Amino acid sequence: MVTPANPSKEAPLLSGSQTVKSIRDTGYKGTDYALAELIDNSFQWGDANTVLLVIVQRKVQGRTRTSNRVDEIWVIDDGVGMTDEALNLALSFGGSGKYDDRSGIGRFGMGLPQASVSQCKRTDVWTWQKSQPENAAHTYLDLGKVEASAKGAPLTVPWPTDPSSPDYLPMPDWVFDVFKSHAMPDTTTGQPAYSGTAIRWTVLDKLRWVRADAMVAHTETLLGRVYRNFLTSDARRRSIKVAIMEGETLLGPDIFNKVRPNDPLYLRSPDETTLGYWERAEIAEDGTESRVRITDESPFSEHYTSPRDFPIQRLDGQGTSTVHVRLSLAKPQSRPGRNPGKDTHQGRHARDNSGISVMRADRELVLEKTLAPEATDRWWGIEVTFEPCLDEVFGVTNNKQDAPYFTQALRLVREHRVAKPEALEQGLFDEDHPIAELYDMAYQLVELATQMKAEGKDEKNAITGPRRAQPEITNVASTVKKTRSTVSPTPGETTFAKTKPDPGQAAAAIDRILEEQDVPPEVRGAVLADYRRGVTVQVIKRPVKQLNAFFWPDEALNLEILCLNNAHPAYKKLIEPLQLSSEQIQEMSETDAKNLLAQSADAMTWLLLAWSRLENEHRTSPQYRQLQEFRDGWGRRLAEYVEDEAFEAASPFGEEDEGQDGEDDA
């Protein structure tokens, strides 16, 4: 091989200050999530019992007024502290020496520097071991100096300094007072000694909340949920305390408030959590409702629907690891009123906790919202817990804010409603992809969530009565529909023929149309599942008491829909009595069976008589000829459906096939 006389200079793997700027934008969802990274370090690597979070705010003069703004954020713990070597590496991206440690909530060695630069330009760290905090070693990460560094100059973390160094930056005196009032000293040597770490963020240019009270309120909500198992553990209970400081004034050690656990399953007493209390409606003798605050009874109960454990194959070839699932369902009395999500304290609180809580090593990773898009989905809870050995299967991100493969599996199930063999056949994912390991679990979780929603509605209806009936669906499939769509297409079929969407696009478009028509999610899911199997005609029962029509046509792209108004008197009198199960028919006497057949014939006759009467009333009107033409066209269509040998129906006038109900199928 001939070497060029002037070989090109190879580019560096990392581009100095530009790399740090890019890392700033890699993304934390907010200041609360970034602070959680620091608390991870305190609990795992620092082995701390207590973490103190101090929000320092100062007066700032704006263009029109003076206001309080957060100026510093401190995270102080009573952990084991760090050596100089560990402290120097702690602010190095990926240099903590803990990378790929699967023993706890950390792993990636990016938490402290990545979280810090996402919020501020200056991070200072002090740490001390079996000494006094006044003797702490100190180092820092200053993005201002990084940006001002010469192009191509190596970027390094300054070696820690101690109080004897002229360059040493001491902590403020209030930190010593606060720390010693909350930390337990080591007195084994006869003199009180401490260990711990203090981190300060300044030059805060990327905060989500600029006022201290707003930051504290939102931070407690997230931290209480993320670390709820740490805050309530019987084996070893940890503590997170939060305080606000005004300028340089320390108001005293009692300013700290404990972060309360935030239980998205609502299985703990409200007064022990951020919920605080929940309301129950008491009915007075005059029929009026009054709200009663309950503090010692949990709003939800644990739901023992099986299976709750899922063995998942590890990608490192070391066998399987069990994913544990817990489920909870709201008690009917915890949802008083006609709109409990809007009208009650616990409804508003549960709105922000709706979804699947994904727990990694007892620490919440993400609250997954795929199965909770509707306001009514705040009355059930699912918790999925896995160990760090399954990180690659779940797709855990290095900022520990997401499990994208699990999310994708849930979305695929929700969109396509097919079991794993068919999903593989359709090419939704490859059998070697991590989603393949999670798909069966995701499929069952969708079923469990749907089942819990249905049970919760039934339980509430048993106490309060149904607010309104839900639409139901039946299947209709016919080759006539396929032929007729090319001979005399409807507007939706014309659009379908012109746009030629692939199956996924078509299903998504139909889902959007049905959602705009207020068709509930569980019914939409069942309709789409049938559509993917080739069913392009559906009969949906929809109760509309204010509508005179017994039925009406509708369509969504090339999906033809017949809506039956099961709130119409004709439905109650003519159809509902005929909806008998096979067991009920078997138990009927011969006389009852004959009467049922006669009633069926009468029902069909009454339906035709209603049209006949309408047409007779218009014999002298200009619309009469048009009504005749409509009747003739309707007769032709009826003949086509009846004579079609491929016609299959789970008739709305008789027994419905098991599993075709919208809620069960969804």
Side-chain angles (χ1 to χ4, degrees), residues 305-325 356 358 360 365-366 368-373 382 384-387 389-397 402-451 473 475 477 500-512 521-536 557-559 648 657-660 662 664-666:
T305 307
S306 61
R308 298 199 300 162
D309 288 342
F310 299 87
I312 302 296
Q313 189 70 40
R314 297 170 54 164
L315 297 188
D316 58 7
Q318 300 298 312
T320 62
S321 180
T322 300
V323 176
H324 302 284
V325 175
I356 297 179
V358 182
R360 174 185 178 272
L365 198 68
V366 63
E368 221 305 300
K369 298 282 190 179
T370 296
L371 300 187
I382 298 179
V384 175
T385 301
F386 69 95
E387 293 303 317
C389 61
L390 293 179
D391 279 354
E392 287 79 8
V393 178
F394 279 79
V396 176
T397 56
D402 203 359
Y405 293 156
F406 178 62
T407 300
Q408 291 174 41
L410 289 172
R411 290 176 179 171
L412 287 173
V413 172
R414 185 169 179 266
E415 179 181 350
H416 296 276
R417 303 281 174 164
V418 295
K420 182 177 176 180
E422 189 174 349
L424 288 168
E425 183 67 26
Q426 292 182 14
L428 301 183
F429 51 84
D430 186 83
E431 62 181 352
D432 294 326
H433 195 282
I435 290 177
E437 293 297 328
L438 299 173
Y439 191 84
D440 281 336
M441 179 177 69
Y443 190 88
Q444 293 187 54
L445 289 179
V446 172
E447 295 295 323
L448 289 170
T450 303
Q451 179 179 338
I473 72 163
N475 281 329
K500 295 182 173 61
D502 62 41
Q505 293 172 329
I510 290 172
D511 190 37
R512 286 193 299 271
E522 60 270 20
V523 178
R524 298 202 306 269
V527 169
L528 291 174
D530 288 337
Y531 179 79
R532 295 186 183 94
R533 294 191 287 109
V535 177
T536 54
L557 210 58
N558 68 326
L559 176 66
E648 298 176 0
D657 290 341
E658 185 178 356
Q660 295 303 328
D664 291 340
D665 239 14

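Positions are given from 1, in the same order as the sequence printed here. Small disclaimer: the values here were computed from a predicted structure and weren't measured.
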Within the 4.5 Å heavy-atom criterion, are Gln505 and Asp502 side-chain neighbours or not? yes
Got a second to check how far Arg314's CZ is from Cys389's SG, nearest 0.5 Å? 4.0 Å
Roughly how far apart are Thr370 OG1 and Arg414 CZ, rounded to 0.5 Å? 7.5 Å
Report yes if some heavy atom in the side chain of Ile356 is under 4.5 Å from a heavy atom in the side chain of Leu410; otherwise report no. yes
Validation row, ring centre Phe406 to ring centre Phe394 under 6.0 Å: yes
Within the structure provided, determine whether Leu557 and Pro501 are in side-chain contact (heavy-atom separation under 4.5 Å). yes
Quick one: are the ring centres of Phe310 and His324 less than 6.0 Å apart? no
When Val323 is tested against each of Asp309, Val393, Leu438, Leu390 for side-chain contact (heavy atoms from CB on, under 4.5 Å), which residue passes? Leu390
Main-chain N/O of Val418 paired to His416 side chain as donor or acceptor, under 3.5 Å: no
Looking at every heavy atom in both Leu315 and Glu392, which two are closest together, and how far apart are they? CD1-CB, 3.8 Å
Mind telling me whether Phe429 and Tyr439 have parallel, tilted or perpendicular rings, with 30° and 60° as the class edges? tilted
CD1 (Ile435) and CD (Gln408) are apart, to the nearest 0.5 Å, by 4.0 Å
For residues Val358 and Phe386, determine if any side-chain heavy atom of one lies less than 4.5 Å from a side-chain heavy atom of the other. yes
How close do Ala507 and Leu528 get, counting heavy atoms only, and between which atoms? O-CD2, 3.4 Å
Compare all side-chain heavy atoms of Ile510 with those of Asn558 and state whether any distance is below 4.5 angstrom. yes
Quick one: pull up CG in Leu424 and NE2 in His433 and give me the separation to the nearest 0.5 Å. 12.0 Å
With side-chain contact (heavy atoms from CB on, under 4.5 Å) as the criterion, how do Leu365 and Asp402 come out once you've worked through the C-alpha distance, each side chain's angles and the decisive distance to 0.1 Å? CA-CA 6 Å; Leu365 198 68; Asp402 203 359; over 6 Å; no
Measure the shortest side-chain to side-chain distance between Val384 and Leu445 over non-hydrogen atoms and say whether it is less than 4.5 angstrom. yes
Between Glu387 and Ser321, what is the shortest heavy-atom contact and its length? CB-OG, 4.3 Å
Straight-line distance of Asp511 CG to Arg524 CZ, nearest 0.5 Å: 5.0 Å
Do the side-chain N and O atoms of Glu368 and Thr407 include a donor-acceptor pair separated by under 3.5 angstrom? yes
dist Arg411:CZ -> Leu371:CG (nearest 0.5 Å) comes out at 10.5 Å
Contact summary for Ala529 and Arg417, nearest pair of heavy atoms: CB-CB, 3.8 Å
Can a donor-acceptor pair be found between the side chains of Glu447 and Gln451 at a distance below 3.5 Å? no
